[in-house]
There are 2 protein chains.
Amino acid sequence: MANKWVDCGGMETRGAPRRLRGAATWLLGQTTIHAHRLVSDALGAVDARRYHYSLMAALDEFGEASQADLGRRCGLDRSDVVATVNELADKGFLERRPDPADKRRNIVSITPSGMAHLRHLDRVLGQAQDALLAPLSVAEREELVRMLNAVLEHHG
Amino acid sequence: MANKWVDCGGMETRGAPRRLRGAATWLLGQTTIHAHRLVSDALGAVDARRYHYSLMAALDEFGEASQADLGRRCGLDRSDVVATVNELADKGFLERRPDPADKRRNIVSITPSGMAHLRHLDRVLGQAQDALLAPLSVAEREELVRMLNAVLEHHG
DNA sequence: GCCGGTCGTTGGCATGGCCAACAAGTGGGT
DNA sequence: ACCCACTTGTTGGCCATGCCAACGACCGGC
């Protein structure tokens with residue numbers, strides 16, 4: 001859903017206090033706001049959310065898994081995994097079947113239709129990311145990713 | 001309030017899908033989560049929030065202003081400015097007086113006690129930011145800030 | 001067979017960011 | 001002088017996000 005920031009070009013954060021404009025934490029937050037908007041709008045246009053992509057990407061990469069495993073992989077709470085798997089299963093992108101070897105677990109797997117949808121989301125998100133990082137060169141983007149990874153690993 | 005991520009070092013997002021780990025938007029989001037936690041915890045320890053700092057920084061830099069102006073400067077909704085000014089005025093950090101030249105407006109100004117508090121928050125936030133960016137060299141931090149500013153300006 | 005721990009699931013809660021509506025007030029046009 | 005569009009402060013509410021607590025079912029080791 002496009003909102004004020006998207007519609008009319010946003011507030012004049014250009015005139016924000018220098019203390020904020022100079023603080024990396026604030027810059028990160030502001031940039032993430034834009035990223036979230038671009039991504040959410042892009043995903044919303046195909047009736048998807050962030051969690052959808054996370055789970056399906058994990059299933060594609062690691063193969064079928066239990067819901068708890070999926071949650072750990074993606075950093076989602078178990079309860080949120082339930083809701084997200086429900087949504088995706090309703091659309092036919094995921095399948096949920098009981099694990100015969102452990103009756104507590106559900107084995108979640110991605111369907112062919114889900115794979116197609118995932119690739120579609122890949123393209124959609126790629127465009128959103130390009131839009132976000134438009135002013136940065138390829139080298140700069142790699143540098144940015146490298147630094148963010150360093151920070152995350154340090155706090156991992 | 002420290003929570004799970006802070007307490008036990010966070011989930012194993014190290015094992016997150018490569019599609020996520022490689023996406024700048026996701027990395028930004030994850031990094032911002034850590035930044036938010038560090039900042040919120042640091043501010044919470046002195047009974048403050050993000051909005052507090054934004055408003056007081058704006059008042060310090062630009063001098064007294066109406067609430068609507070403050071909101072535009074900092075990118076806050078008018079209604080959120082009301083609540084934040086209430087909190088800060090209750091603590092004696094801000095003063096609100098009617099504008100004689102325009103009876104619709106309130107003129108908000110920062111008090112000496114507010115200035116002292118602002119400087120305290122400056123130190124607290126500086127530490128939080130240092131903690132966040134610990135693995136980056138000074139040159140890298142400047143590069144990061146430069147790139148984020150470029151992105152923000154492009155979308156400004 | 002018991003017990004600590006894990007699983008899926010439900011329900012709820014706090015926060016943040018936003019929007020809508022309102023009365024009071026302003027300024028420009030006529 | 002009046003009207004009209006607009007702004008301002010304020011209240012109230014909405015919804016998505018990220019959590020946490022508790023439950024019954026179930027597992028594994030002792």
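Only a predicted model underlies this, so the values are computations on that prediction, with no experimental measurement involved. Letters A, B, ... are given to chains in the order of the sequence lines, protein chains preceding strands, and every chain is numbered from 1.
- Both L28(B) and V145(A) belong to a common hydrophobic cluster when Ile, Leu, Val, Met, Phe, Trp and Tyr are linked at side-chain heavy-atom distances under 4.5 angstrom.
- Here dG8(C) presents its C1' atom at 16 Å from CZ of R97(A), a figure rounded to the nearest Å.
- A sub-4.0 Å separation between OP1 or OP2 of dC7(C) and a side-chain N or O of R72(A) is present.
- Between the NE2 atom of H52(B) and the C1' atom of dT15(C) there is a distance of 13 Å, rounded to whole Å.
- One interatomic measurement links the two molecules: CG of L43(B) to P of dT15(C), which rounds to 14 Å at whole-angstrom precision.
- Under 3.5 Å, the side chain of R78(B) and the base of dT8(D) form no donor-acceptor pair of N or O atoms.
- Clustering ILVMFWY residues whenever any of their side-chain heavy atoms sit less than 4.5 angstrom apart, transitively, puts V46(B) in the very cluster that holds I110(B).
- Nearest to the side-chain atoms of R96(A) among the listed nucleotides dT17(D), dT9(C), dT10(C) stands dT9(C).
- Separating the CG atom of D102(B) from the C1' atom of dG28(C) is a distance of 15 Å, rounded to the nearest angstrom.
- Looking at R104(B) and D99(B), no side-chain N of the basic residue comes within less than 4.0 Å of a carboxylate O on the acidic one, giving no salt bridge.
- The cluster map of Ile, Leu, Val, Met, Phe, Trp and Tyr, joined by side-chain heavy atoms under 4.5 Å apart, puts V82(B) and L70(B) in different clusters.
- When each of D80(A) and R105(A) is assigned the nucleotide of DNA chain C bearing its nearest heavy atom, the one mapping closer to the 5' terminus is R105(A).
- For Y51(A), whose side chain is taken as the heavy atoms from C-beta onward, the closest listed nucleotide among dC27(D), dT26(C), dT17(D) is dT17(D).
- Within the 4.0 Å cut-off from OP1 or OP2 of dT10(D), at least one side-chain nitrogen or oxygen of Q67(B) is found.
- With dT10(D), dG8(C), dC26(D) as the choices, the nucleotide that has an atom nearest any side-chain atom of S66(A) turns out to be dG8(C).
- A donor N or O paired with an acceptor N or O is found under 3.5 Å between the base of dT7(D) and the side-chain atoms of R104(B).
- Regarding L76(B), its CG atom lies at a distance of 16 Å from the C1' atom of dT10(D), rounded to whole Å.
- Taking atom CG of L70(A) as the reference point, atom C1' of dC7(C) lies 13 Å away to the nearest angstrom.
- Between atom CG of residue L121(A) and atom OG of residue S54(A) there is a gap of 10.5 Å, rounded to the nearest 0.5 Å.
- In terms of position on DNA chain D, the residue among R50(A) and A101(A) whose nearest nucleotide sits closer to the 5' end is R50(A).
- Residue N86(B) places none of its side-chain N or O atoms closer than 4.0 Å to OP1 or OP2 of dG9(D).
- Among the heavy atoms of the strands lying under 4.0 Å from S79(A) is at least one base atom, whether or not backbone atoms are also near.
- Here the P atom of nucleotide dA25(D) and the CG atom of D99(A) are 19 Å apart, to the nearest Å.
- dG24(D) atom P lies 20 Å from atom NZ of K103(A), rounded to whole Å.
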